[in-house]
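All chains are named by letter (A, B, ...) in the order of the sequence lines, taking the proteins before the strands, and each is independently numbered beginning at 1.
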Number of protein chains: 2
Amino acid sequence: MPRSRITIRDVADRAGVSHQTVSRVINNSERVTPETRERVKVAIKELGYRPSRLAQSMVTQKTRTIGLVVADITNPFFFEVARGVQDTALAQGYNVFVCNTDDNPQGEQDILTLLASQEVDGVILATVSSPEEELLAFAENYKPLVVINRDIPHPKASLVSVDILKGAKLAVEHLIERGHRNIAMLSHIGHKPDEMRRVHGYRETLLAHDITPNEEWLVLAPPNLAGGYEATQTLLKEHPEVTAIFTYNDLMAIGALRSCHDMGMRVPQDCAVMGFDDIKFSAMTQPSLSSISYDKYVVGQKAMQRLFEMFEEPDFTFAPIPLGVELVIREST
Amino acid sequence: MPRSRITIRDVADRAGVSHQTVSRVINNSERVTPETRERVKVAIKELGYRPSRLAQSMVTQKTRTIGLVVADITNPFFFEVARGVQDTALAQGYNVFVCNTDDNPQGEQDILTLLASQEVDGVILATVSSPEEELLAFAENYKPLVVINRDIPHPKASLVSVDILKGAKLAVEHLIERGHRNIAMLSHIGHKPDEMRRVHGYRETLLAHDITPNEEWLVLAPPNLAGGYEATQTLLKEHPEVTAIFTYNDLMAIGALRSCHDMGMRVPQDCAVMGFDDIKFSAMTQPSLSSISYDKYVVGQKAMQRLFEMFEEPDFTFAPIPLGVELVIREST
DNA sequence: CGCTCACATGTGAGCGGTAACATTATTCTA
DNA sequence: TAGAATAATGTTACCGCTCACATGTGAGCG
């Protein structure tokens, strides 16, 4: 049973043709007599032959494999994107390596190197941590690169961008309409607030309504449940005047929800909470969470489709793909 | 910039040695004079050479790649497992293909075929849907296989099994201790209840306490938030006598929580809810969810470690790896 | 001083395919 | 009916590496 691999030459012998003819049949191209083709197909079936992708890749220099780099697959945002990428890739016979960087720039660099040595045909990047110059270097020397939610000014890198700025504005505007003026924000501790579109949207919207942003109400924490929980504890103890919280993502918002509950505050009466991403859990929390919604699956899908386009026309510079956002109002505001 | 690939022979020329000596250096094995080694290393660095994994795989017949097959990466259970697998694999320079089957047996079969053609070195399977005989065939002819939470009686398939039966018993026992006797269960619609260890545990525990399981209280639904929500709606409308619900997983439980709330029932006073898996969200819901806990990351880690062991000793039959469970009592019971 | 032996290094083949070109069989044209 | 054009198939090289074995070199020994 550990019979050694059946090769294209075994099939050729069996069908009484040359290995090249077999190659023509499996790439169902070229001109092969119908009857020869049939004979070869029979031989393939009888021997249970399957071409070695490795050998094919070796000579064609294409692996039909792509890399997807995410900060943490554990975040519902990323895995919905990942599903979109995977499903789209699989439909074309491509496989996907998913890599987590944990928002660690060094990890990200290692990952890119690993992917490079695995000889993937392209990379989709959905993180924000690695230094721009390294990404540029990667795009320059290497393979097609699609970047999600980040601006990389390079002709060989293609962009898929959710309109985060607008999302943040919609969110904060909604809170202002509900009568809030003391609006806090929980942002991602891994990134400089000044570089975050969510923070820009937050500040700009406040200013547009003649509210001066209070820097003490801008709290940085890990972008997960625990981070949101703890940041809210601290924030509300130190700044009881805050009546609404806008968070970096729904994970933090759900942590904030629980935090408010544990401190005996009612949401939204005592403190409103507004998330971002609209993950599936958000409709199920109690109270359910208002959020900024966009189709994460489609983000992944579009990114993968763009990568396919880049395979076709490697030297073309593609326009960014914009994706809209929507305000979803639920009980938490 | 699209300079063609730097090969081992380029390095060899530069260092003034044969390509084989370079090979010895990059596999840092064999006997090579320290100074020759150094000279080669310098040449490698100067040329920015990186060995082609494809070519290496071609000749060694090892790809340093494994396949992880899960039902749906979107389920928090799976992605924690996936992280465990990925991190462990990456530490050894292995890459992981993650594939979703969506609990569709045909899909699963296709995936296995795809993985086979990608020539992965081994497979970790964390699903329950594909027919046993096909899995056996896969294990027989193909590569090392680690199966999570399922019994495959084959010497070449290795098992990692959480003690699900005990978990179910702990859960139901806990509900009985809290005074419940009309305990319903929400199970996975994709699988026959009679084959589910959770259902066995549920029934056995009831019987052990002289409670006859009411088959009408066993509801099948998709194992996700919406499935749990809707199943609970139906269940509680048709059977208002039910005072506690044990669910297949936390996703369903969280849906149930919300469902109870929407129907004006208090949890746990009017209806207790008990989950399974103890995902991170469960501590953050309102009320927080009692559940059966076990370390999902470790599940993935152990599975990957076992796969490595199987690479070392392909003909050895390994004992199953058991993993314990723990009852976590929170507010929902 | 000629022999063996151990160790460092080199050579050639081949993993399983595809590409490019060569060859043969067939048909068409003059 | 010879000669060219065309279609079908075969031959050879090579992708970039590792393996098995060949070769070279110097130390150790009687």
Side-chain angles (χ1 to χ4, degrees), chain A residues 2-44 47-65 93 116-121 143, chain B residues 2-44 47-65 93 116-121 143:
Chain A
R3 37 136 213 238
S4 72
R5 187 173 245 291
I6 295 150
T7 77
I8 201 168
R9 289 165 219 262
D10 298 329
V11 177
D13 287 350
R14 174 123 186 170
V17 296
S18 78
H19 68 274
Q20 177 61 342
T21 302
V22 178
S23 175
R24 289 189 180 107
V25 171
I26 62 183
N27 292 304
N28 58 344
S29 61
E30 313 280 321
R31 305 148 310 192
V32 181
T33 302
E35 62 189 46
T36 309
R37 182 180 298 275
E38 198 47 42
R39 202 143 38 89
V40 171
K41 280 190 174 165
V42 168
I44 288 177
L47 294 173
Y49 166 76
R50 271 203 330 271
S52 157
R53 243 170 132 154
L54 229 46
Q56 290 177 318
S57 300
M58 177 95 232
V59 39
T60 59
Q61 302 291 358
K62 305 210 175 313
T63 54
R64 298 183 79 79
T65 283
S117 79
Q118 275 286 0
E119 281 144 292
V120 295
D121 290 342
K143 296 287 170 67
Chain B
R3 42 137 208 236
S4 71
R5 186 174 246 291
I6 295 149
T7 77
I8 201 168
R9 286 167 218 263
D10 298 329
V11 177
D13 288 351
R14 175 119 187 174
V17 296
S18 76
H19 66 274
Q20 177 60 354
T21 301
V22 178
S23 173
R24 289 190 180 106
V25 171
I26 62 185
N27 293 303
N28 58 341
S29 60
E30 313 279 322
R31 302 143 317 186
V32 180
T33 302
E35 63 188 43
T36 308
R37 182 181 299 276
E38 199 46 45
R39 199 143 39 89
V40 171
K41 280 190 174 165
V42 168
I44 288 178
L47 294 173
Y49 166 76
R50 267 203 332 271
S52 157
R53 242 171 134 152
L54 228 46
Q56 290 177 316
S57 300
M58 177 94 230
V59 37
T60 60
Q61 302 291 358
K62 305 211 176 310
T63 54
R64 297 185 80 81
T65 282
S117 81
Q118 277 284 1
E119 282 145 289
V120 295
D121 290 342
K143 297 285 171 70

Seminar exercise, completed: Rounded to whole Å, CD of A/Gln56 lies from P of D/dC15 at a distance of 18 Å
Exercise. Whole-Å distance between C/dG16 P and A/Ile44 CD1?
Worked result: 16 Å
For this session: Search all heavy atoms of A/Gly93 against all heavy atoms of A/Arg64 and return the closest pair with its distance.
Result: O-NE, 3.7 Å
Exercise. How is the base pairing of DNA chain D summarised as a dot-bracket string, given the Watson-Crick and G-U wobble criteria with both distances under 3.5 Å, [ ] for crossing and | for another strand?
Worked result: |||||||||||||||||||||||||||.||
Exercise. If you take all heavy atoms of A/Ser18 and A/Ala12, which pair is closest and at what distance?
Worked result: C-CB, 3.6 Å
Problem set entry | Modelled atom types, side-chain donor and acceptor of B/Glu119 and B/Ser57, under 3.5 Å | no
Atom pairs under 3.5 Å: protein N/O with N/O of nucleotides 26-28 of chain C:
none

For this session: Quickly work out the A/Leu47 CG to C/dG16 P distance and round it to whole Å.
Result: 14 Å
Exercise. Are OP1 or OP2 of C/dG17 and a side-chain N or O of A/Ser57 less than 4.0 angstrom apart?
Worked result: no
Exercise. Do A/Val25 and A/Val17 touch side chain to side chain, with heavy atoms closer than 4.5 Å?
Worked result: no
Problem set entry | Validation row: A/Thr21, A/Arg24 side chains within 4.5 angstrom (heavy atoms) | yes
Exercise. Do the side chain of A/Arg9 and the base of C/dG17 come within less than 3.5 angstrom through a donor-acceptor pair of N or O atoms?
Worked result: yes
Exercise. If we only count heavy atoms from C-beta on, is the B/Thr65 to B/Asp121 side-chain gap below 4.5 Å?
Worked result: no
For this session: Please state how far atom CZ in B/Arg5 lies from atom P in D/dC17, giving the value in whole angstrom units.
Result: 6 Å
For this session: Specify the closest pair of heavy atoms between A/Tyr49 and A/Thr7, including all atoms of both residues, with the distance to one decimal.
Result: CE1-C, 3.6 Å
For this session: Would you indicate whether the side-chain heavy atoms of A/Asn28 and A/Arg37 approach each other to under 4.5 Å?
Result: yes
For this session: Specify the separation, in whole Å, of atom CD1 of A/Ile8 and atom C1' of C/dT18.
Result: 8 Å
Exercise. Rounded to whole angstroms, how far apart are CG on B/Leu54 and C1' on D/dC14?
Worked result: 15 Å
Exercise. Within this structure, what is the CE-to-C1' distance between B/Met58 and D/dC14, rounded to whole angstrom?
Worked result: 12 Å
Exercise. Would a 4.5 Å heavy-atom cut-off, applied to side chains only, mark A/Pro51 and A/Ile8 as touching?
Worked result: no
Exercise. On DNA chain C, nearest-nucleotide positions of B/Thr21 versus B/Gln61: which is more 5'?
Worked result: B/Thr21
Exercise. Do the side-chain N or O atoms of B/Ser52 get closer than 4.0 angstrom to the phosphate oxygens (OP1, OP2) of D/dG16?
Worked result: no
Problem set entry | Nearest non-hydrogen partners of A/Arg5 and A/Asp10, listed with the distance | O-OD2, 3.8 Å
Could you run down the sub-3.5 Å N/O contacts of the protein with nucleotides 19-28 of chain D?
| unit_1 | atom_1 | unit_2 | atom_2 | d |
| --- | --- | --- | --- | --- |
| D/dC19 | N4 | B/Gln20 | OE1 | 3.0 |

For this session: Under 4.0 Å between any heavy atoms, over every strand shown, what does B/Thr36 touch: base, sugar-phosphate, or nothing? Just pick one.
Result: sugar-phosphate
For this session: Return the value, rounded to whole Å, for the distance between atom CG of A/Asp13 and atom P of D/dT11.
Result: 11 Å
Problem set entry | Smallest separation among heavy atoms of B/Gly48 and B/Ile6, with atom names | O-CD1, 4.3 Å
For this session: Measure across A/Arg39 and A/Gly16 and return the closest heavy-atom pair with its distance rounded to 0.1 Å.
Result: NH1-O, 4.2 Å
